[in-house]
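From a predicted model like this one, the values you see are computed outputs, not experimental measurements. Just so it is clear: chains get the letters A, B, ... in the order the sequence lines come, proteins before strands, and each one is counted from 1.
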Protein chains: 2
Amino acid sequence: MNELTGTLKPLALLETMAALEHPATLAELAASADVPKPTMHRWLGALEAAGLLQRTPDGRRYELAPRAVRLAFSILNNRPSSTIRHEILQRVVEQVGESCNLTVLDGTEVTYLDRVESQWPLRITFQQGSRVPAYCSASGKLFMALMPPAKRDLVLQQSRLERLTDNTVVDQQVLLAELADIRRDRYALDREEFMAGLVCLAVPIFQTKGRIKSCVAALAIQAPVTRLNQTEILTKLPVLQEAAETLAATLNE
Amino acid sequence: MNELTGTLKPLALLETMAALEHPATLAELAASADVPKPTMHRWLGALEAAGLLQRTPDGRRYELAPRAVRLAFSILNNRPSSTIRHEILQRVVEQVGESCNLTVLDGTEVTYLDRVESQWPLRITFQQGSRVPAYCSASGKLFMALMPPAKRDLVLQQSRLERLTDNTVVDQQVLLAELADIRRDRYALDREEFMAGLVCLAVPIFQTKGRIKSCVAALAIQAPVTRLNQTEILTKLPVLQEAAETLAATLNE
DNA sequence: TTTAACGTTCCATTTTTTGGAATTTATGCT
DNA sequence: AGCATAAATTCCAAAAAATGGAACGTTAAA
């Protein structure tokens, strides 16, 4: 996990204290955080003054104070909708039995916002944060199909249509024709265009602001073609669409 | 309340975010914290890089991230404060003679923060794994009844109302009607809805932020219907309510 | 299309933080 | 009790970091 640096170092201390089994002394904490004692002294003093930490009755050890507990309840009470989204993804994986991911468009690439892997031994493991070119992925094509044409042309202009597999669409005219279909059907397929043996089905997640609907994210499942071919994967469309509806609700509320 | 200053200002921001109902934009946060936009930009960037905050899919708003939830559980699981709560639970068990537990809502499920068994005194069983669906447990229904309707709908939408016993409420309309009663009465019953032979009574623990009260945890007792039936268990209500008051006091003082 | 608001970058200035050394306080041992 | 030892605290000049006004892109609303 990313280390807390700079201004956040006292926050790292709070995290350390929360993980601790027993109250600890200044010297112990200074040693474990690898900072000089005067520094730790100041940090502890600040957190104590803030009411996040308090000293044990003997005055030599530090432990969490009520304000930290209040913060914890606040966090749980306001449980980020991202966790709710993750659960929705998990449910999709349970229902379709294949890996599922939530993506957004970032320039000419699609980035994985969240991802839940299927339990099959044979599976494609992407990780959260990884990126894939838009023109050869289901979600990417979906975004392009549903965005204003001017913007789409800009994205296309910046994309070099590189051949990644035998099925990759490298002709812009062919791609545009497919985008028109996708725009009509409201789903997109990746027919082994990015990676041989990998098929993918994506549906849009719309956000409504005022009277304008825009596709802000995409929900997709990925499967080895040996388990689900292009036709079979389409049977999962209803499940995906329903989940996308639920996901949209977490965005608009 | 003591103001967080100096190095702790980003921590104050985390507290603000935890208290927020909906994800907020940079401009809103800058205004509410009364700092220039570049400063807020840096703070948010630091917390985002640390994995404590993240942006909403549209990239324009910020909300809590999984690391914040982990921190919250870590704090609640921590000894000194949990010991105080545990003692209160023990007192309840002594008074009512039945098992008692403290729960928080986590998505569509209720998780046991602490539990004291009537048979085995002095036993702490914080099992991160022991979870129960919200729709068929006393505490779960309590949480749903007392949360903002929009959030409640989101939780309901995700809950599959599965029949676990003859008494499980699987009709959403019936459930909503009961939630209205619970909201009025400030207690909830589990009438053998989760497990045959097991009845349960739950009362809310409120946290007050400003003038807003929110139910952040629930205190409940469980009993075999043979020892306490639905009517008899209600005689324990005053004991529970008093203990809940005491627990709330440790949060709000 | 125009306009306004929002988000982001830049950088000289100001303000903190930092940590070695010294001082004070507490603890353990005989 | 008295000494030795370790921990906690204070001090302060050097070093590092945060700050925020101004300017620049970018996105959304009229």
Using side-chain contact (heavy atoms from CB on, under 4.5 Å) as the criterion, list what pairs up with B/Glu87, not counting sequence neighbours.
B/Thr83, B/Gln90
Tell me which one of A/Gln173, A/Arg191, A/Arg183 satisfies side-chain hydrogen bond (donor to acceptor under 3.5 Å, both in side chains) with A/Glu178.
A/Arg191
Return the value, rounded to whole Å, for the distance between atom CG of B/Leu29 and atom C1' of C/dT8.
16 Å
Tabulate below the donor-acceptor pairs under 3.5 Å that side-chain atoms of residues 29-54 of chain B make, not counting sequence neighbours, or state none.
unit_1  : atom_1 : unit_2  : atom_2 : d
B/Ser32 : OG     : B/Leu29 : O      : 3.3
B/Glu48 : OE1    : B/Arg55 : NE     : 3.3
B/Glu48 : OE2    : B/Arg55 : NE     : 3.4
B/Gln54 : NE2    : A/Ser82 : OG     : 2.7
B/Gln54 : NE2    : B/Glu63 : OE2    : 3.3

If each end axis of the helix from C/dT1-D/dA30 to C/dT30-D/dA1 is fitted on five C1' pair positions, the angle between them, to 10 degrees, is 60°
Does A/Ser214 have any side-chain hydrogen bond (donor to acceptor under 3.5 Å, both in side chains) partners at least two apart in sequence or in another chain, and if so, which?
none
For A/Glu94, enumerate each residue passing the side-chain hydrogen bond (donor to acceptor under 3.5 Å, both in side chains) test, keeping only those at least two apart in sequence or located in another chain.
none
Could you list the residues that satisfy side-chain contact (heavy atoms from CB on, under 4.5 Å) with B/Asp106, not counting sequence neighbours?
A/Arg79, B/Phe73, B/Thr111, B/Arg131
Give B/Arg61 one of three labels, base, sugar-phosphate or nothing, depending on what nucleic acid heavy atoms sit under 4.0 Å from its own.
nothing
Polar atoms only, N or O, under 3.5 Å: list the protein pairs with nucleotides 23-30 of chain D and their distances.
none

Distance below 4.0 Å between B/Lys9 side-chain N/O and D/dT19 OP1 or OP2
yes
Calculate the interatomic distance between A/Met40 atom CE and D/dA7 atom C1'; express it in whole Å.
14 Å
For A/Val199 against A/Glu192, the heavy-atom pair lying closest together:
CG1-CG, 4.0 Å
Could you pull out all residues at least two apart from B/Glu245 that satisfy side-chain contact (heavy atoms from CB on, under 4.5 Å)?
none
With A/Thr165, which residues qualify under side-chain hydrogen bond (donor to acceptor under 3.5 Å, both in side chains), at least two apart?
A/Thr168
Think B/His41 has a side-chain N or O under 4.0 angstrom from the OP1 or OP2 of C/dT8?
yes
For nucleotides 19-25 of chain C, which of its nitrogen or oxygen atoms have a protein nitrogen or oxygen under 3.5 Å away, and what is each distance?
unit_1 : atom_1 : unit_2  : atom_2 : d
C/dG19 : OP2    : A/Thr39 : OG1    : 3.2
C/dG19 : N7     : A/Arg42 : NH2    : 3.0

Taking for each residue the nucleotide of DNA chain C bearing the nearest heavy atom, is the 5' side occupied by A/Trp43 or by B/Leu26?
B/Leu26
What pairs with B/Ser159 under side-chain hydrogen bond (donor to acceptor under 3.5 Å, both in side chains), at least two apart in sequence or on another chain?
none
Rounded to whole Å, please give me the gap between CG in A/Leu13 and P in C/dT17.
14 Å
Test side-chain contact (heavy atoms from CB on, under 4.5 Å) applied to A/Ser137 - qualifying residues, sequence neighbours left out:
A/Val110, A/Val132
